Amino acid sequence: MIRSALMNVMTAAAMKAGRGLKRDFGEVENLQVSVKGPGDFVTAADRRAEKTLFEELSRARPGYCFLMEESGAVEGADKSHVWHIDPLDGTSNFLHGIPIFAVSVALERDGQIVAGLVYNPASDDLYVAEKGQGAFHNNRRMRVAARRTLAESMVACGIPPLAGLAHHARFQVELAAVMAKVGNIRRLGAAALDLAMVASGRCDGYWERGIQTWDIAAGVILVKEAGGFVTDLSGGPDMLTKSEICAGNEAIHRQLLDLLRKA
Ligand code: IPD
Ligand code: CA
């Protein structure tokens, strides 16, 4: 397992935010049946978790910059360090009482992601990785799956929501191409956990378009440190800036990318 000072700081902050989210998740179930619904409550829970992460990480590492889903960019004196934070990835799941959501925290140093953490407070699953130190799930070393053929693979994806109507047609073409070749497809609803599933060998591949840096920055290093491959959809290294991603073990990543390129 990783016992660095940096990972201790990240874990403590994520656990604190996670405790709040877990409490709030319990409340969501009550609000589900109320007339008003849980919408505003979930927005507040999301913001509270982000505030906790911001405060804890600022205290432990003063001056670092932030890029957060809710509050956007916050400049710090130390421009060489940027925290990429999604306090609640899987917001729709959370809203609907589905326990598949996560806190996602990554640290960029001099333009490179050097550490990542994904924590699902509902299941108490913690996934961490640091550059050159490997990747771990609840303190056990993670490796990507060894499966090599698409036919036996389980592939995760992201589906554009109603608000992303303009992207539906393209997704349907890609889905048809992938569906025709892979064993099974999943849509978990939390990109950080999709990548954690690839890193831990449960899923063999994952692709998505229209994804943001805070959704995937932590998951990317999890997959890489677990021995997997992560690229944009052209096979290049720009998944964080191009808002598109393809991940997997070496064999499945290559074949999935090929299917998507030809779709
Ligand atoms: C979303 C989830 C989802 C992905 C979307 C993201 P949010 O993040 O990661 O799986 O398909 O593109 O926006 O809104 O739940 O934080
Ligand atoms: Ca997200």
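Residue numbers run from 1 in the order of the sequence given. First listed ligand is number 1; within each ligand, the first listed atom is number 1. A quick note: this is a predicted structure, and the numbers were derived from the prediction, not measured.
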Charged N-O contact under 4.0 Å between [X] and [Y]:
X      : Y      : value
Arg23  : Glu27  : no
Arg148 : Glu152 : no
Glu50  : Arg47  : no
Arg254 : Asp258 : no

Open item on the list: Within less than 3.0 Å, report the number of protein N/O/S atoms around the Ca ion (ligand 2).
Closed with: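 Count of protein N, O, S atoms less than 3.0 Å from the Ca ion (ligand 2): 3.
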Taking both backbone and side-chain atoms of [X], is any N or O found less than 3.5 Å from an N or O belonging to ligand 1?
X      : answer
Gly90  : yes
Ile159 : no
Ile211 : no
Gly189 : yes

TODO: Give the residue and atom name of whichever protein heavy atom lies nearest to atom 5 (C) of ligand 1, and the separation in Å to one decimal.
DONE: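 Looking only at protein heavy atoms, the one closest to atom 5 (C) of ligand 1 is Glu208 OE2, 3.6 Å.
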Short list, please: which atoms of ligand 1 are under 4.0 Å from a heavy atom of [X]?
X      : result
Ala191 : 2 (C), 9 (O), 10 (O)
Leu88  : 16 (O)
Asp89  : 1 (C), 2 (C), 7 (P), 8 (O), 9 (O), 15 (O), 16 (O)
Thr91  : 7 (P), 14 (O), 15 (O), 16 (O)
Glu69  : 14 (O), 16 (O)

Open item on the list: Under 4.5 Å side-chain heavy-atom separation, chaining through any Ile, Leu, Val, Met, Phe, Trp or Tyr, what else clusters with Leu165? Say none if it is isolated.
Closed with: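 Leu165 shares its hydrophobic cluster with Leu162.
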Task: Short side-chain to backbone donor-acceptor contact, Asp204 and Met154, under 3.5 Å - done: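 Side chain of Asp204 to backbone of Met154: a pair is present.
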Task: Polar side-chain atom of Arg187 near backbone of Ile159 as donor-acceptor pair, under 3.5 Å - done: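 Such a contact is found between Arg187 side chain and Ile159 backbone.
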- [ ] Using a 4.0 Å heavy-atom cut-off, say whether Arg209 meets ligand 1 through its side chain, its backbone, both or neither.
- [x]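 The answer is neither.
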Task: Residue portion contacting ligand 1 (non-hydrogen atoms closer than 4.0 Å) for Asp86 - done: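 Only the side chain of Asp86 comes within reach of ligand 1.
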- [ ] Answer yes or no for Gln212: is there a heavy-atom contact with ligand 1 below 4.0 Å?
- [x]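 False for this residue.
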- [ ] Could you label the plane-to-plane angle of the Trp83 and Tyr64 rings as parallel, tilted or perpendicular, counting under 30° as parallel and over 60° as perpendicular?
- [x]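 Taking Tyr64 first and then Trp83, their aromatic rings sit tilted (interplane angle of 30° to 60°).
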Task: Enclosure of Lys242 NZ (heavy-atom neighbours >12, cutoff 6.0 Å) - done: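 Counting other residues, nucleotides and ligands, NZ of Lys242 exceeds 12 neighbours.
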Open item on the list: Take a 6.0 Å sphere around NE2 of His81 and say whether it holds more than 12 heavy atoms from other residues, nucleotides or ligands.
Closed with: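 Enclosed: over 12 neighbouring heavy atoms sit under 6.0 Å from NE2 of His81.
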Task: Nearest atoms (heavy-atom pairs only) where Asn249 meets Ala145 - done: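 Closest approach of Asn249 to Ala145: ND2-O, 2.7 Å.
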Task: Any side-chain donor near an acceptor of the partner, Asn138 and Tyr127, under 3.5 Å - done: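 Absent: no donor and acceptor within the cut-off.
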